[in-house]
Amino acid sequence: MKPFYLTTPIYYVNDAPHIGHAYTTVAGDVLTRWHRQRGEDVFFLTGTDEHGEKVMRAAEKNNVSPQKWCDDLVESAWKPTWSALNIANDDFIRTTEPRHEERVQKFLTGLKDAGHIYLGKYEGPYCVGCEEFKLPGDLIDGNCTTHSRPCEILSEENWFFKLSAFVPAIIKHYEENPAACEPASARNEVLAFLKGEVSDLSISRSTFDWGIPVPWDTKQVIYVWFDALLNYATAVGLTDDPTSEGGKKFAKYWPADVHLVGKDILRFHAVIWPAMLMAAGLPLPGKVFAHGWLLVGGEKMSKSKLTGIAPKDITDTFGVDAFRYYFLRAIPFGSDGSFSWEDMAARYTSELANDFGNLASRLIAMIEKYCGGVIPAVAQSPELSEALAKTVVEADAAIVALDFQTGINSIMDFCKKVNGYVTLTEPWKVAKDESRTVELNEILYNIAEAIRALAVLMHPIMPATCEVLWSSLGADKTLGTIAAQKISEVATWGQLPAGSQVVKGAVLFPRLESANEA
RNA sequence: GAGGGGGUAGCUCAGUUGGUUAGAGCCCCGGACUCAUAAUCCGGUCGUCGUGGGUUCGAGCCCCACCCUCCUCACCA
């Protein structure tokens, strides 16, 4: 079976990451962790996009070289953010790395040799003050908005990619494979665009030099998007000799199963990227999934405006796992969703502290109090085990389809059901009657077993917390690591062995101090 | 401007091919319980379903008009 290969966008390093970037990356991490627990071989790629005019300008502003600017930001901001969020990526690619640049050049040369690249003229409004080409949308009455003076229509010689030649094939691809671009609203927009007029793409720039040189015309650099998109393939060995290590890796992992993207960059991934691959005769990715925006106060988070919230602002209060949980639980993954501190606090308290964390606390306390801290004999509750089986089927189907909300929902429904079981069976009352010890033990075993399953199911979403819960059940000593637990087997009842030593630890999700009311 | 979503309880949202008293979670109120992070469980209050017309025996779901809001309309990561 082909390994499951998922990518996030490579993020543009003109600033530090905000929660919008983290949203995408966490989603990718949860999905790949889930696939790993299904027993699949997984490759999870993220990275940074470091070429282009904006990075160059940002570096100039700070009086450093573009390369140093990128190095600093990657090491001080991007990588630390991902490790703080417990992101388990298998690779981190930077577009300034030789492994990327060399392969991009080889790929481009290949396209040229195959006749897909030609020399053409790019013509557009050019502002002498800015020394750059403008987009029609950037102009007001033909004037540059920064210099308030008319632009000249200039043209420069650029290398063009015959994008238009692939349009019919791409349309056919999406019509025959609806799953290749999701959600449906995104696919419709892409198809609407494709059925309009699509012209060829200028893939080189000569007005600045921070980029990968066009191999046969080194006065020009490769257009940043053309460069950036290729990261998904260069990271796994694109263009390497099939017998080499890189070539074997490419054969093993390509094509990617899922490209996760924000809807702002959908078109690059759903139109340009497949055309590039078709031109090279390579298989297309299984799915491009465009998720929605995180809205803050009704407006979209912006990297250029200062509405960006750093993940740390949230994790300092709620913790990393609550951060990972919240966005996937609260927002349907293809839709926009508003972030608010109030909603986050409400969900944290109700769902994580009260429903999930407290369930663990009540079980551990009772096992300690009534069973001497040891898991009692294996028993089975048909009610709970059947509910669990149903939960696993639902959650697995939903999460594999990137419907995180439905998946987490069904897991949390099961959690609520277990709380109901505890209240209904009233083990604290049964414990007062010495003739009912067997019944008491059965009840407590069933709760423990249900929580064992909850820990496994929640592990991809909240790894650190679930590992703590796992070891407090004593399961690490008897069942192995939580990461090794298979989704396909999690519903098999009776796995937690009798005699496991339960350890009471810190509360999983401490109640929030009511200090931050304002 | 053109095309496409959406406007349903205080909040976030579900609502199949039109059909009896419009649902869920959260919040709030009441009860039960005490193993637990004053947590849990049960019950309850709350809605002119954006506005105005129309079709129909019957419309949140269909049609028309209008208002509001979000998105797309290419090379801006």
Side-chain angles (χ1 to χ4, degrees), chain A residues 9-15 21 48-55 95 122 124 132-138 158 160-161 163 184-186 188-190 192-194 196-203 205 223-229 261-269 271-272 292-293 295 298-300 303-304 330-332 335-338 340 342-343 345-347 349-370 405 409 412-413 416 418-431 440 443-444 447 504 506-512:
Chain A
I10 49 172
Y11 304 105
Y12 207 60
V13 287
N14 52 3
D15 214 340
H21 302 110
T48 44
D49 181 10
E50 308 186 0
H51 292 304
E53 206 171 349
K54 283 197 174 173
V55 167
T95 55
Y122 177 79
E132 67 180 6
F133 283 95
K134 295 290 179 180
L135 299 172
D138 291 339
N158 284 156
F160 279 73
F161 168 56
L163 177 63
S185 55
N188 290 339
E189 282 188 8
V190 167
F193 171 75
L194 286 167
E197 279 203 27
V198 178
S199 50
D200 290 343
L201 182 73
S202 160
I203 56 155
R205 297 292 124 103
Y223 170 51
V224 54
W225 264 112
F226 199 88
D227 159 5
L229 287 164
V261 299
K263 64 181 184 180
D264 54 329
I265 54 173
L266 172 66
R267 178 162 313 147
F268 298 95
H269 289 81
V271 176
I272 299 175
W293 289 116
L295 308 177
E299 281 189 34
K300 93 178 186 193
K303 17 197 177 213
S304 48
I331 302 166
S335 313
D336 291 352
S338 326
S340 78
E342 292 73 19
D343 188 51
R347 283 211 136 87
T349 300
S350 169
E351 298 170 13
L352 294 178
N354 295 353
D355 290 344
F356 187 44
N358 182 54
L359 174 62
S361 292
R362 48 198 318 212
L363 169 79
I364 305 280
M366 287 191 282
I367 295 276
E368 291 204 325
K369 194 174 285 191
Y370 305 136
Q405 187 182 52
N409 230 335
M412 287 308 284
D413 281 348
K416 289 191 167 210
V418 180
N419 267 318
Y421 176 85
V422 176
T423 304
L424 248 70
T425 53
E426 300 177 309
W428 50 90
K429 276 191 185 165
V430 179
L440 173 67
I443 292 168
L444 293 180
I447 301 166
K504 185 173 186 173
V507 154
L508 260 26
F509 299 98
R511 295 189 67 74
L512 302 169

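If you're wondering where the values come from, they're calculated on a predicted model, not measured in any experiment. The sequence lines fix the lettering, A, B, ..., with proteins before strands; numbering per chain opens at 1. All values below come from the heavy atoms of this structure, side chains included, with hydrogens, waters and symmetry mates left out.
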Are the side chains of A:Arg347 and A:Leu352 in contact, using a 4.5 Å heavy-atom criterion?
no
Is A:Leu508 touching bases, backbone alone, or none of the nucleic acid, heavy atoms closer than 4.0 Å?
base
Nearest whole angstrom, please: distance from the C1' of B:rA38 to the CG of A:Leu512.
15 Å
In the structure I gave you, are the side-chain heavy atoms of A:Lys416 and A:Asp355 within less than 4.5 Å of one another anywhere?
yes
Nearest-nucleotide pick for A:Arg205, side chain only, options being B:rU40, B:rC71, B:rC76:
B:rC76
Would you measure the distance from the P atom in B:rC49 across to the matching atom in B:rG5 and give it in whole Å?
23 Å
Parallel, tilted or perpendicular: ring planes of A:Phe509 versus A:Phe356, cut at 30 and 60 degrees:
tilted
Whole angstroms only, please: what is the CG-C1' distance between A:Leu266 and B:rA74?
12 Å
Would you say A:Lys54 and A:Val224 make side-chain contact, with heavy atoms under 4.5 Å?
no
Tell me: CD1 of A:Ile447 to P of B:rC35, nearest whole Å?
13 Å
Secondary structure of RNA chain B in dot-bracket form (Watson-Crick or G-U wobble, distances below 3.5 Å, | marking inter-strand pairs):
(((((((..((((.....[...)))).(((((.......))))).....(((((..]....))))))))))))....
Position toward the 5' end of RNA chain B (nearest nucleotide), A:Lys54 or A:Ala365:
A:Ala365
Under a 4.5 Å cut-off applied to non-hydrogen side-chain atoms, are A:Asn158 and A:Ile203 in contact?
no
Are A:Ile367 and A:Lys504 packed together at the side-chain level, in the sense that at least one heavy-atom pair is separated by less than 4.5 angstrom?
no
Rounded to whole angstroms, how far apart are CG on A:Leu352 and C1' on B:rA39?
14 Å
Of all the choices, B:rU37, B:rA36, B:rC41, which nucleotide is nearest to the side chain of A:Leu424 once you look at every atom?
B:rC41
Expressed as a whole number of Å, how far does the P atom of B:rC76 sit from that of B:rU69?
30 Å
Find the distance A:Glu189:CD to B:rG5:C1' and express it as a whole number of Å.
9 Å
Considering only the P atoms, how many Å lie between B:rG18 and B:rU8, rounded to the nearest integer?
22 Å
In whole angstrom, give me the gap between the C1' atoms of B:rU12 and B:rC27.
11 Å
Side chain of A:Asn358 - closest among B:rA74, B:rC76, B:rU37
B:rU37
Looking at B:rA74, B:rC41, B:rU37, which one has an atom nearest to any side-chain atom of A:Phe193?
B:rA74
When rounded to the nearest Å, what value does the distance between P atoms of B:rC42 and B:rA24 take?
13 Å
Gap in Å between the two P atoms, one belonging to B:rU20 and one to B:rG58, rounded
14 Å
Which part of the nucleic acid, if any, lies within reach of A:Val13 when heavy atoms closer than 4.0 Å are counted: base, sugar-phosphate only, or nothing?
nothing
Smallest separation among heavy atoms of A:Leu359 and A:Asn419, with atom names
CD1-OD1, 3.3 Å
With nearest nucleotide decided by heavy atoms, which residue, A:Ser361 or A:Ile272, maps closer to the 5′ end of RNA chain B?
A:Ser361
Looking at A:Glu50 and A:Thr95, what are the two nearest heavy atoms and their distance?
N-OG1, 2.8 Å
Atom-to-atom span, CG of A:Asp49 to C1' of B:rC76 - whole angstrom:
13 Å
If every non-hydrogen atom of A:Pro427 is compared with every non-hydrogen atom of A:Leu444, which pair is closest and at what distance?
CB-CD2, 4.1 Å
Between B:rG60 and B:rG50, how many Å separate the two C1' atoms, rounded to a whole number?
12 Å
Does B:rA39 have OP1 or OP2 sitting under 4.0 Å from an N or O in the side chain of A:Arg511?
yes
Tell me: OH of A:Tyr421 to P of B:rA39, nearest whole Å?
25 Å
Scan nucleotides 22-34 of chain B nucleotide by nucleotide, 5' to 3', and note B when protein non-hydrogen atoms come under 4.0 Å of the base, S if they reach only the sugar-phosphate, - if neither.
---SS------SS
Nearest to the side chain of A:Met366 - B:rC35, B:rC76, B:rU37?
B:rC35
For the pair made of CZ in A:Phe356 and P in B:rA39, what is the distance, rounded to whole Å?
19 Å
Hey, are the side chains of A:Asp336 and A:Lys263 touching, using non-hydrogen atoms and a 4.5 Å cut-off?
yes
C1' atom, B:rA14 versus B:rA22: distance in rounded Å?
11 Å
Identify whether any heavy atom of A:Gly420 sits under 4.0 Å from a base atom; if not, whether one sits that close to sugar-phosphate; answer base, sugar-phosphate or nothing.
sugar-phosphate
For the residue pair A:Tyr12 and A:Glu53, what are the closest heavy atoms and their distance?
OH-N, 4.0 Å
Could you check which of B:rU37, B:rC71, B:rA36 has an atom nearest any side-chain atom of A:Lys369?
B:rA36
Hits for side chain to side chain donor-acceptor pair (under 3.5 Å) against A:Asp200, two or more places apart or cross-chain, chain-then-number order -> A:Tyr118, A:Ser164
